[in-house]
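Chain A is the first sequence line, chain B the second, and so forth, proteins listed ahead of strands; every chain is numbered from 1.
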There are 2 protein chains.
Amino acid sequence: MKTPEELVARFREQGYKVTPQRQLIFRLLNGNTAHPTAETLYEVAAEQMPGISLRTVYQTLSELSAMGEVQHIDLGSGAVRFDPNVDDHHHVVCSTCGVVHDVYVNQTPLQFEGDVEGFAVHSTRIVFSGECAQCAHLSA
Amino acid sequence: MKTPEELVARFREQGYKVTPQRQLIFRLLNGNTAHPTAETLYEVAAEQMPGISLRTVYQTLSELSAMGEVQHIDLGSGAVRFDPNVDDHHHVVCSTCGVVHDVYVNQTPLQFEGDVEGFAVHSTRIVFSGECAQCAHLSA
DNA sequence: TGCTAATCAACAAGTCGTGCTAATTAGCAA
DNA sequence: TTGCTAATTAGCACGACTTGTTGATTAGCA
Ligand SMILES: [Mn+2]
Ligand SMILES: [Mn+2]
Ligand SMILES: [Zn+2]
Ligand SMILES: [Zn+2]
């Protein structure tokens, strides 16, 4: 994702108004590695701006997604998570606590075999599931 | 997934009754590579057994899933898909028509780097997205 | 044969996300 | 500064998917 300042410029170029709500969301996403859901982002936003609506958070995330500034990640476990990291990367997910971390896989593009003659791969998503160090500690 | 005959035995062992509905679902899943949703499986089932309920299809799929006989795959695009293939395999998905095919990746386990000290990987899911040969043909 | 699980219809509910409306606010261009 | 119009808000509804519940009926199997 671009910096909040660059996003402000980008939004103005596109004819979108630069509102305090949007700017707050830009700042909250900037450098955010938590892979938040819209809901959790809303909760943090509401602390700094009581009265902001969940609807607006969803709306701004959709705009950023359409602009390619954030990625949305569906791990199949409830709500979609939003990721300001749009580099080519993948994820590890702790099955116990649900934490999500970025990982980088360098053997890509991956080779595969199967009955998929002529299939043109555009993107590859890898999700590693398991148990994080903290959860392993607690259960030990 | 085991064969329908083996599943019948397995269900009886577990104290589950072997009903015509369950047996039909066993047969419909056997060798099924379509990665159907509960709904699509229900539609096919209803042709052969008018009156079977969607609820029962969901129920039986849950039982099979709990027994490890089917896998459920959430591609983040609507309903969960069910897969009687429980081998270690992965999927290609056509973004245009939604078709899902099995693929096998042999350079697993994959290496990755990131801020994930001490994370124990239990499973890896890979989804290749792109365009299938048929869709490429039609759009050309 | 009889106990009990399974099924069914019908409906509700929960989660996630979007749509809509009407009123208010406020960004920004002229 | 003014004025057009987008944006926000509250509030409610809805759609998709899945599970829960209830009460009546069916049927598996010991
Ligand atoms: Mn990420
Ligand atoms: Mn499969
Ligand atoms: Zn954990
Ligand atoms: Zn296709």
Does B:R22 put a side-chain nitrogen or oxygen below 4.0 Å from OP1 or OP2 of C:dT7? yes

Whether B:T56 contacts C:dC8 is assessed here as follows: a side-chain N or O lying under 4.0 Å from the phosphate OP1 or OP2. Is that the case? yes

Over the length of the helix from C:dT1-D:dA30 to C:dA30-D:dT1, how much do the five-pair end axes diverge, rounded to 10 degrees? 40°

Value rounded to 0.5 Å, distance of CD in A:E47 from CD1 in A:I52: 12.0 Å

In [range], which ones come under 4.0 Å of DNA chain D, going by heavy atoms?
range: residues 61-76 of chain A; value: none
range: residues 33-50 of chain B; value: none
range: residues 13-21 of chain B; value: B:K17, B:V18, B:P20

Considering residues at least two apart in sequence or located in another chain, which fulfil the side chain to side chain contact (heavy atoms under 4.5 Å, CB included) criterion with B:L138? none

Checking B:V99 now: which residues fulfil side chain to side chain contact (heavy atoms under 4.5 Å, CB included) with it, not counting sequence neighbours? B:C94, B:C97, B:H101, B:C132

Between A:E39 and A:V57, is there a side-chain heavy-atom distance shorter than 4.5 Å? no

5' priority, DNA chain C, between B:L54 and A:R55 [closest heavy atom]: B:L54

Quiz item: A:R12 side-chain donor-acceptor pair to C:dG27 base, under 3.5 Å: no

Sidechain-backbone polar pair: A:R22 side chain, A:K17 backbone, donor-acceptor under 3.5 Å: yes

Short question: side chain of B:S65, backbone of B:L61 - any donor-acceptor pair under 3.5 Å? no

Candidate pair A:N85 and A:H35, rule side chain to side chain donor-acceptor pair (under 3.5 Å), full reasoning: CA-CA 9 Å; A:N85 180 353; A:H35 301 84; over 6 Å; no

For B:F11, which residues count as a ring-ring contact (aromatic ring centres under 6.0 Å, His included) partner, sequence neighbours excluded? B:Y16, B:F26

With sequence neighbours left out, the residues meeting ring-ring contact (aromatic ring centres under 6.0 Å, His included) with B:H89 are B:H91, B:Y104

Give the other cluster members for B:V100, using side-chain heavy-atom distances under 4.5 Å between Ile, Leu, Val, Met, Phe, Trp and Tyr residues; answer none if it is isolated. B:I73, B:L75, B:V93, B:V127

If you link ILVMFWY side chains whenever their heavy atoms are less than 4.5 Å apart, which other residues fall into the same cluster as B:V105? By chain and number, please. A:V92, A:V103, A:V105, A:L110, A:F112, A:V116, A:F119, A:V121, A:I126, A:F128, B:V92, B:V103, B:L110, B:F112, B:V116, B:F119, B:V121, B:I126, B:F128

Give me the first and last nucleotide of DNA chain D, going 5' to 3', that has any atom under 4.0 Å from a heavy atom of chain B. D:dC17 to D:dC29

Around atom CG of B:D87, are there more than 12 heavy atoms of other residues, nucleotides or ligands at under 6.0 Å? yes

Hey, which of B:L24, B:D83, B:L64 is the one that makes side chain to side chain contact (heavy atoms under 4.5 Å, CB included) with B:L29? B:L64

Which residues pass the salt bridge (Lys or Arg N to Asp or Glu O under 4.0 Å) test with A:R10, sequence neighbours left out? A:E69

Check the distance between C:dT15's P and A:Y58's OH and give it to me in whole angstrom. 12 Å

Identify the two heavy atoms, one from A:N32 and one from A:P84, that lie closest to each other, and give their separation to 0.1 Å. O-CG, 3.2 Å

